[in-house]
Protein chains: 2
Amino acid sequence: MKSVTRSLRILEAVAQHQPVTVGELTKLFGLPKSTVQRTLVTLNEAGWLRANRKDTTRWEIGARVLAVRPAALQGSSLFAAAREPMIRLRDALNETIHLSVPDALHSMVVVDRVDCDHAVRTFHAIGDTSPLHATATGHAVLAHLPKSEVDEFATGTLEGYGEETITDPKELRTELRRVRERGYAVNHNQYLQGVCAIAAPVLDGDGVPLAAVAVSLPDSRFEPGRLAELGQVVTDTAAEITARHLR
Amino acid sequence: MKSVTRSLRILEAVAQHQPVTVGELTKLFGLPKSTVQRTLVTLNEAGWLRANRKDTTRWEIGARVLAVRPAALQGSSLFAAAREPMIRLRDALNETIHLSVPDALHSMVVVDRVDCDHAVRTFHAIGDTSPLHATATGHAVLAHLPKSEVDEFATGTLEGYGEETITDPKELRTELRRVRERGYAVNHNQYLQGVCAIAAPVLDGDGVPLAAVAVSLPDSRFEPGRLAELGQVVTDTAAEITARHLR
DNA sequence: GCGCTTCATGCCATATTGTGGAACGCCGTG
DNA sequence: CACGGCGTTCCACAATATGGCATGAAGCGC
């Protein structure tokens, strides 16, 4: 359904650029003015958008969006289970900690974050997405999916983002085996340059991967000699979240 | 745009009932199966929905929503301005405090909450909506809207939710005058039974109502003799939020 | 094990619905 | 005062979503 898909795209764009005008959005999407205009009015009538109070030609996200909460955040699930262990991990390492979940189409989405206090630190906003095949959290999740799902996903040539990105499905599969063996995934310059991340999966009772916790730090502070140690504490944290989540 | 409006309704219904099946949604909306099905698939492809991992015929909200959610909060810089005063108000009364904003369609939406520590307390989740004409926060906002907007809204018979709901537009208007005079609004059993709330508006520089702060408590703890006192502290808090928001 | 019901999913002719080019009206500027 | 930029409205056309029906899979009782 074309109009629905487009409306959601426009909604996301408004969230990114708010408060934004019709004209700015038409340029962004290359669509006819009237089409964008109509979409904005519809979204407004549904309460998902609203006109800015000061400048009524500018649009921003309406409060109605708050009524829609992802399953991953509901009640006492993951989100609540993860908070404390994440804070402890941050305290132990003084590096930024992320919780990410896989989404419908081959992305990891940042769901929660606990910041470190270094002046130089990595930054991913809540809601940011990154490709499954090129991030530590993505690998942590992929490594625990049924082979059939990985096969379906890892086909052809995967998109590259730099020298280090694994673009060959075969190579990806051997990397995933390594991740399973040692329990954690490592990403160094595969997606964002200058960033290093170490991630471990949070699993369901049945071994289904629900999310991944990661520590993320700038190149400049990464000491290869400490990798095993970091991998261990991240894995322990993920295990603790899993345990808390199950009970 | 019919399909867009309907898709958003369905999205909200999924959020409310997740994880939910196609059949349940068709009953809920009285729409043809194929229409609902198609909508779900479209929303899924956009990442806003996903199939439940255990039971793939059940749908739940996808993580993509998170890309938009934070914008709904930061959109109103109110959120930041209100936090501290709300916490102080909670500390003073040890009752639950809410911040709500009006949305496009005659509802108030809960935007933030600070909890008390009583075992028995009222509960409204962030994102919950309630009707403008039957809540304290709604009255606080309505009382400061231009008369034309109130007239447009308060027409015919308003929906009732119990004995106490004001359903007559005329009666509502006199109540709103009282709210303006004393500065705060009171709701006792108008919408939810057993709940009492006292709210005051947060205004713009131009006197336009942006939101309302409310203290909300169970019947059992409400002492009518303390109403004036409670009204005063809530009004003071609202005034403080207004002041912080302006500078 | 076999028919029966229930439910999700796929198909396709139809007309309803959204499309987008063009025109309008408002406002600030040269 | 004319011009250009911008948001908004209009309307004939056809692309698009619709929903009744058919299919297929899964659960249940006999």
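None of the values given here were measured: they were computed from a predicted structure. Every heavy atom of this structure was used, including side-chain atoms; hydrogens, water molecules and symmetry mates were not.
Straight-line distance from the CD1 atom of I10(A) to the P atom of dG18(C): 14 Å, rounded to whole Å. Taking atom CE on M1(B) and atom C1' on dA15(D), their separation rounds to 15 Å, with Å as the unit. Distance L28(A) CG to dC6(D) P: 15 Å, rounded to the nearest Å.
Proximity of residues 29-47 of chain A to DNA chain D (heavy atom under 4.0 angstrom from any strand atom) is restricted to K33(A), S34(A), Q37(A).
The side chain of T21(A) places an N or O atom within less than 4.0 Å of a non-bridging phosphate oxygen (OP1 or OP2) of dG7(D).
Residues forming a side chain to side chain contact (heavy atoms under 4.5 Å, CB included) with L210(A) (at least two apart in sequence, or on another chain): L78(A), D204(A), H245(A). For E24(B), the side chain to side chain contact (heavy atoms under 4.5 Å, CB included) partners at least two apart in sequence or on another chain are V20(B), T21(B), R58(B). Residues that satisfy the salt bridge (Lys or Arg N to Asp or Glu O under 4.0 Å) test with R9(B), not counting sequence neighbours, are absent from this structure. Scanning for side chain to side chain contact (heavy atoms under 4.5 Å, CB included) contacts around P102(B) gives M108(B), V141(B), with sequence neighbours left out.
The residue among V4(A) and E24(A) whose nearest nucleotide of DNA chain D is located toward the 5' end is E24(A).
For the atom pair CG of L145(B) and CG of L132(B), the computed distance is 8.0 Å after rounding to the nearest 0.5 Å.
Comparing dG18(C), dC7(C), dT9(C) by their nearest atom to the side chain of K2(B) picks out dG18(C).
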Donor-acceptor contacts under 3.5 Å from residues 166-173 of chain B side chains, at least two apart:
from, atom 1, to, atom 2, distance (Å)
D168(B), OD1, K170(B), N, 3.4
D168(B), OD2, E171(B), N, 3.4
R173(B), NH1, D151(B), OD1, 2.6

